There are 2 protein chains.
Amino acid sequence: MELDERKKTILKLIIATYLETGEPVGSRTISKFNDLNLSSATIRNEMADLEELGYIVQPHTSAGRIPTDKGYRFYVDNLMEEKEEAEVEKSTLLERVDRMELLLKQVAKVLAYNTNYATLVTAPKYRKTIKFIQLSKVDEETLLAVIVVEGNLIKNQIIPIDTILDNEDVLKFNILLNTFLQGASLEDINLEMINAMKKQSGEYSVILDQIFQGIVDAVNEANELEIYTSGATNILKYPEIGDISKTSELLEKFEDKEELSHLLEETTGNKDDSHYIQVYIGEENPVQNMEDCSIVTATYKMPEGATGTIGIVGPKRMDYKKVVSTLKNLTIELDDIFSKRKGVNEDG
Amino acid sequence: MELDERKKTILKLIIATYLETGEPVGSRTISKFNDLNLSSATIRNEMADLEELGYIVQPHTSAGRIPTDKGYRFYVDNLMEEKEEAEVEKSTLLERVDRMELLLKQVAKVLAYNTNYATLVTAPKYRKTIKFIQLSKVDEETLLAVIVVEGNLIKNQIIPIDTILDNEDVLKFNILLNTFLQGASLEDINLEMINAMKKQSGEYSVILDQIFQGIVDAVNEANELEIYTSGATNILKYPEIGDISKTSELLEKFEDKEELSHLLEETTGNKDDSHYIQVYIGEENPVQNMEDCSIVTATYKMPEGATGTIGIVGPKRMDYKKVVSTLKNLTIELDDIFSKRKGVNEDG
DNA sequence: GTTAGCACTCGAAAGATTTGAGTGCTAATA
DNA sequence: TATTAGCACTCAAATCTTTCGAGTGCTAAC
């Protein structure tokens, strides 16, 4: 059964009121909206219908109604009008900073501050190709490998070696490594390439193995999805999220960040839509023990096509309108920053 | 008034019982300890004395007694016998890992897992002198500076430049920088040195400024006190720490880490005593809003003399004995790791 | 289709009652 | 003089009771 206009209006009023007050909404409250001109009895009839259809429920017999997940979903998809583009305050939230890491930390912080929810931000994800390798001798037993990958992300690796090398040897290695590896990603490094390099390195092929290991480790590390979080303690502000033990589990997820990465990987790049906004409500969301939460994520893009995610975790009773507009704002700002200065510096 | 032996015994029993049960301890409970052979009435008299002296209080008239801060302090200083050195299980808690950062993160995690309290760990603090600088050209507009400071801590800095340099210029800069800066710490770099370098660099003195800025930034960053935390959510397990708002404030401190650094700076290096253990009880502790917590810290040492701190934050009702022995254990293990492999690699 | 009216439900808040662990004091005892 | 038995007293916590009112569903009238 389709909802007629009046039912939609009433559902919208119920949800909007509930979002504001947090109390179950009764029929009299709704009947008082004077553009409706209906008695509470009529509203009650309509409410009974809406309940039967699964959009709202009563916490107990003699209480008002609150939205179900289905109700929220309908609200977000059909009833909630977003702020007009013009209305959105284009306030500059972000301070420009050089290093990617600091920038994203800042994004997480600003978002938490503006929404009062727990926030998460991932670094942009793209194919990490090697741009430049610099091997230097730190002392007799150790080499330092500095690997710069696409996007100016820099990784260091200390490599212990058995054989003593002189400076000339190190120079040779540098040339060898850069010749073969520049522009390569992890997947490009295959046995064939390794053997070719070993052949050229002659007597030093054992050391090459050690160096290789270091480089692979570093690039692997660069490929790890980095997650920045902020405002996790905001979760404590929302008692509806659950009792202490549930809250605690949630907070642990934010401390670990492990599970969050699964969540964010699912959201990223599902669509080409720019600033793709995704809303998970209650049971919909892919992480365990988060049935009482809603998650809203947005995707930002770098000019080179790399994408990252910013998102918030909060209670189902959440100001979706505000959250969506704040997220849009921030992604626009981020896109802006990235397009204006090509290559914000990264550093791990 | 000095406490006589019997009062000491009774105080010890009260505190030990309270640590175990968390309930106020009544006179009958104590009188049942059969090595005491005293009636509850006698205990009551002694308890009244102990209360007058400020070691214990009643939460309300008809309740048993709980320790005051003064009581805990006396217990920790005089009554609690630590586990015999031999008794301490010398279990190896730490997995060996290469990078300092990962090692310390692991320490924080292990400690949290073993104690069920919130833990904090600082990296060792010492005078960071420059060991080695390597400048390389990434592309026409960017230089990469790699700065290795004492302790194999590596910092990278991307330096944007206006003028185009060829490889020979970069080589010259490398020699210049290393000649002047090797062995220097931040304080050693003064105007005189800068001017001398500028003189030698001739036409490139403007670029030198840019490079300098990058290096100073990097060394500054290396000097920042890094703090690793774990198990912050354990705070939720201890309701005695306070209501939601207090708990929340505490958790925020752990998210920020800012304030924690003040705390840890105070504890570090107060004494030469190896594995110096420090206990702050309730009001004693130097951080605001932590009156209901106790903090226990221990100092570890690297062979070169650098020291760092590991510590835990928990409720005043804490198993001090266990915590102290766990901390001692871990610092011993850490010292061991550092002494066996000189120079665990650091990386920021 | 809408509404006024009414009996009914049930959670939340406030008050009353009971229970028991624990105390302080006093007077007797060793 | 130190210890103890005994007893009246206190008070938090648990449990039950009462009251209150917001909100409902249903019915009959408009």
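From a predicted model like this one, the values you see are computed outputs, not experimental measurements. Convention: sequence-line order gives letters A, B, ...; per-chain numbering from 1.
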Colleague: Provide the full list of side chain to side chain donor-acceptor pair (under 3.5 Å) pairs with a residue in residues 61-75 of chain B, sequence neighbours left out, each pair given once.
Modeller: B/E51-B/R65, B/D69-B/K316, B/R73-B/D77, B/R73-B/E284

Colleague: Who pairs with A/E283 by salt bridge (charged side-chain N to carboxylate O under 4.0 Å, His left out), at least two apart in sequence or on another chain?
Modeller: none

Colleague: Specify the separation, in whole Å, of atom NZ of A/K32 and atom P of C/dT3.
Modeller: 16 Å

Colleague: Measure OH/B/Y18 against C1'/C/dG22 and give the value in whole Å, please.
Modeller: 16 Å

Colleague: Apply salt bridge (charged side-chain N to carboxylate O under 4.0 Å, His left out) to B/R6 and list each qualifying residue two or more places apart in sequence or on a separate chain.
Modeller: B/E46

Colleague: Once each nucleotide of nucleotides 8-26 of chain D is scored for protein heavy atoms under 4.0 Å, what B/S/- sequence comes out, 5' to 3'?
Modeller: --BBS---------BSBB-

Colleague: List for me each residue that meets salt bridge (charged side-chain N to carboxylate O under 4.0 Å, His left out) alongside B/E52, sequence neighbours excluded, and say none if there are none.
Modeller: none

Colleague: Can you name the salt bridge (charged side-chain N to carboxylate O under 4.0 Å, His left out) partners of A/E291, sequence neighbours left out?
Modeller: A/K246

Colleague: Specify the separation, in whole Å, of atom CD1 of B/I66 and atom C1' of C/dG22.
Modeller: 15 Å

Colleague: Using whole Å, what does the distance between atom C1' of nucleotide C/dG1 and atom CG of A/D49 come to?
Modeller: 13 Å

Colleague: B/Y117 vs B/Y238 aromatic rings, parallel, tilted or perpendicular, using cut-offs 30° and 60°?
Modeller: tilted

Colleague: Whole angstrom is fine here: how far is it from CG in A/L36 over to C1' in C/dT3?
Modeller: 14 Å

